[in-house]
Engineer: 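Take a look at this one; I'll ask things after.
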Amino acid sequence: MNKIWLSSPHMGGEEFDFVKDAFESNWIAPLGPHVNGFENDLCEYTGAKYAAAVNSGTAAIHLALIMLGVEAGDEVICSTFTFAGSVNPVAYQKAVPVFVDSETLTWNMSPELLEEAIEDRIKKGKKPKAIIFVHLYGMPARTEKILEISRAYNIPTIEDAAEALGSKLNNKFLGTFGEIGILSFNGNKIITTSGGGALLSSKEEYILKAKFLSEQARDPAPHYQHSQIGYNYRLSNICAAIGRGQMKVLDQRVKERRNIFDFYYKNLSPLPGISFLPEPDNYFSNRWLTCIIIDSERSGGITREDVREALVKENIDSRPLWKPLHLQPVFSNYPAYTDGTSEKLFENGLCLPSGTNLSREDLQRIVNVIRNVYSKKIYVG
Ligand SMILES: *Cc1c(COP(=O)(O)O)cnc(C)c1O
């Protein structure tokens, strides 16, 4: 049985032409025409005014924090239900993450708990310096409400759209809502540069500063002159070349991921206790990963682990939903404003293989394995 991966890279065909061009022009460096071209492509696609391409989404978040002035001891409000890459940069700055739980409509940051957390931090003597909110699995967060709170308290936002390129809210692309938006092009994301990321903003000063810091903060001078600490975070021209090819198929990839979601929904939602995250009105998700929730009280005792283990036996990769960061050993001592939502999602949720290079037969094979778990446990006897 061939291995089925959760979400593997899927080249469109034109990437190699761009890479070949990079070789032929000898732009084999962390700058070059494809880096600029990729930034233009990202702006054109998302409607962002300015973009800076860097070598990871994590680096993009790190630079965004620096631009918003986050320093040692500052508090930064973070989604707890996310990948560690969202929050590790807070620790790079020796700042303090303050975790906020999810809500059930989108699985993203709860605006109600966000406000509660801000009020409580202020009461304890420290106003948070920034808010990092995430659009998990491509589903837009309740962005308007979060931005309203951000404005009311005058705390700027970093919008982590690492998983949500191509998703929209009220027809506006995610990544363009926050003071600074960030994207990731890691190997498992909807499009990839093998590794890469970007910052988006409507403020040119942020983007110019991000480029400056990502190229080791070299002051203008004939010699190497530095008055600030810099980083080696700029995207390579080779990786950007891959990205330019990937941008050509992004719309197609979004369509395909949404079709994969529909296929799973059609085939698995009739099974008792299995549910999916619906798309609220005016929300458009790229459906980066299709996730199911298994309620063992309604499934006849079948748990998420039963399904995951059955898939493992058939050489099929699946993954529990993100483990909330406030439960991770490395972050467990930080303040957290939780109500159990993300813990429950982690306990009962499973990401199913959602790569656009999966065939209909692959998807059918996955569905059959899951149906089999049910037929063994419920329908027989
Ligand atoms: C992937 C990801 C990141 C980090 O991006 P990298 O390019 O892997 O550094 C940050 N946040 C979220 C939600 C992600 O999924």
Side-chain angles (χ1 to χ4, degrees), residues 5-9 30 38 42 51-65 76-93 97 99-102 106-109 130-141 143 146 157-167 174-175 177-178 180-200 210 214 231-236 239-240 242-243 246 257 277 285-291 319-326 328 330-331 342 345-346 349 351 354-355:
W5 298 97
L6 195 66
S7 176
S8 59
F38 186 46
L42 289 171
V54 292
N55 56 21
S56 74
T58 308
I61 295 173
H62 189 194
L63 293 174
L65 288 168
V76 177
I77 298 212
C78 304
S79 303
T80 187
F81 191 47
T82 185
F83 175 51
S86 288
V87 176
N88 282 334
V90 174
Y92 304 164
Q93 286 303 95
F99 293 112
V100 167
D101 214 333
S102 300
T106 68
W107 298 355
N108 292 307
M109 184 182 275
I131 299 164
I132 306 175
F133 71 100
V134 185
H135 308 291
L136 227 46
Y137 305 117
M139 182 60 75
T143 307
I146 291 169
T157 55
I158 297 169
E159 182 192 2
D160 180 349
E163 302 179 3
L165 179 58
S167 296
L174 300 190
F177 285 90
I180 301 172
I182 77 95
L183 301 170
S184 166
F185 312 108
N186 207 326
N188 59 351
K189 299 285 157 62
I190 192 155
I191 61 164
T192 182
T193 58
S194 75
L199 298 94
L200 305 177
S214 71
Y231 301 86
N232 187 2
Y233 278 173
R234 200 76 162 112
L235 188 67
S236 132
C239 295
I242 300 172
Q246 288 270 275
R257 296 249 176 190
L277 182 63
S285 170
N286 68 10
R287 295 293 188 189
W288 172 56
L289 295 182
T290 295
C291 308
R319 201 72 50 81
L321 303 198
W322 297 119
K323 177 170 177 165
L325 294 180
H326 71 275
Q328 296 285 3
V330 72
F331 291 124
S342 61
L345 289 167
F346 169 58
C351 303
S354 307

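Order of listing sets the numbers, starting from 1, for every ligand and every atom in it.
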Engineer: Could you tell me if Arg257 and Ser7 have a donor-acceptor pair between their side chains, going purely by distance under 3.5 Å?
Structural biologist: yes

Engineer: Nearest heavy-atom pair of Ala64 and Ile158: which atoms, and what distance?
Structural biologist: CB-CD1, 3.7 Å

Engineer: Below 3.5 Å, can you tabulate the donor-acceptor pairs from side chains in residues 189-198 to any protein atom, sequence neighbours excluded?
Structural biologist:
unit_1: Lys189; atom_1: NZ; unit_2: Ser184; atom_2: OG; d: 3.3
unit_1: Thr192; atom_1: OG1; unit_2: Phe185; atom_2: O; d: 2.9
unit_1: Thr192; atom_1: OG1; unit_2: Asn186; atom_2: O; d: 3.0
unit_1: Thr192; atom_1: OG1; unit_2: Gly187; atom_2: N; d: 3.4
unit_1: Thr192; atom_1: OG1; unit_2: Ser194; atom_2: N; d: 2.9
unit_1: Thr193; atom_1: OG1; unit_2: Gly195; atom_2: O; d: 2.8
unit_1: Thr193; atom_1: OG1; unit_2: Gly196; atom_2: N; d: 3.4

Engineer: Holding to side-chain hydrogen bond (donor to acceptor under 3.5 Å, both in side chains), I want the full list of residues that pass it with Ser86, two or more places apart in sequence or in another chain.
Structural biologist: Thr82, Asp160

Engineer: Considering residues at least two apart in sequence or located in another chain, which fulfil the side-chain contact (heavy atoms from CB on, under 4.5 Å) criterion with Ser214?
Structural biologist: Val54, Leu63, Tyr233, Arg234

Engineer: Parallel, tilted or perpendicular for Phe81 and Trp107, by the 30°/60° rule?
Structural biologist: perpendicular

Engineer: Show the distances, to 0.1 Å, for all pairs joining an N/O atom of ligand 1 and a protein N/O atom that are shorter than 3.5 Å, listing one pair per line.
Structural biologist:
unit_1: ligand 1; atom_1: 5 (O); unit_2: Ser184; atom_2: OG; d: 3.3
unit_1: ligand 1; atom_1: 7 (O); unit_2: Gly57; atom_2: N; d: 2.8
unit_1: ligand 1; atom_1: 7 (O); unit_2: Ser184; atom_2: OG; d: 2.7
unit_1: ligand 1; atom_1: 8 (O); unit_2: Asn186; atom_2: ND2; d: 2.8
unit_1: ligand 1; atom_1: 9 (O); unit_2: Gly57; atom_2: N; d: 3.3
unit_1: ligand 1; atom_1: 9 (O); unit_2: Thr58; atom_2: N; d: 2.9
unit_1: ligand 1; atom_1: 9 (O); unit_2: Thr58; atom_2: OG1; d: 2.5
unit_1: ligand 1; atom_1: 11 (N); unit_2: Ser86; atom_2: OG; d: 3.2
unit_1: ligand 1; atom_1: 11 (N); unit_2: Asp160; atom_2: OD1; d: 3.4
unit_1: ligand 1; atom_1: 11 (N); unit_2: Asp160; atom_2: OD2; d: 2.8
unit_1: ligand 1; atom_1: 15 (O); unit_2: Glu163; atom_2: OE2; d: 2.6
unit_1: ligand 1; atom_1: 15 (O); unit_2: Lys189; atom_2: NZ; d: 3.2

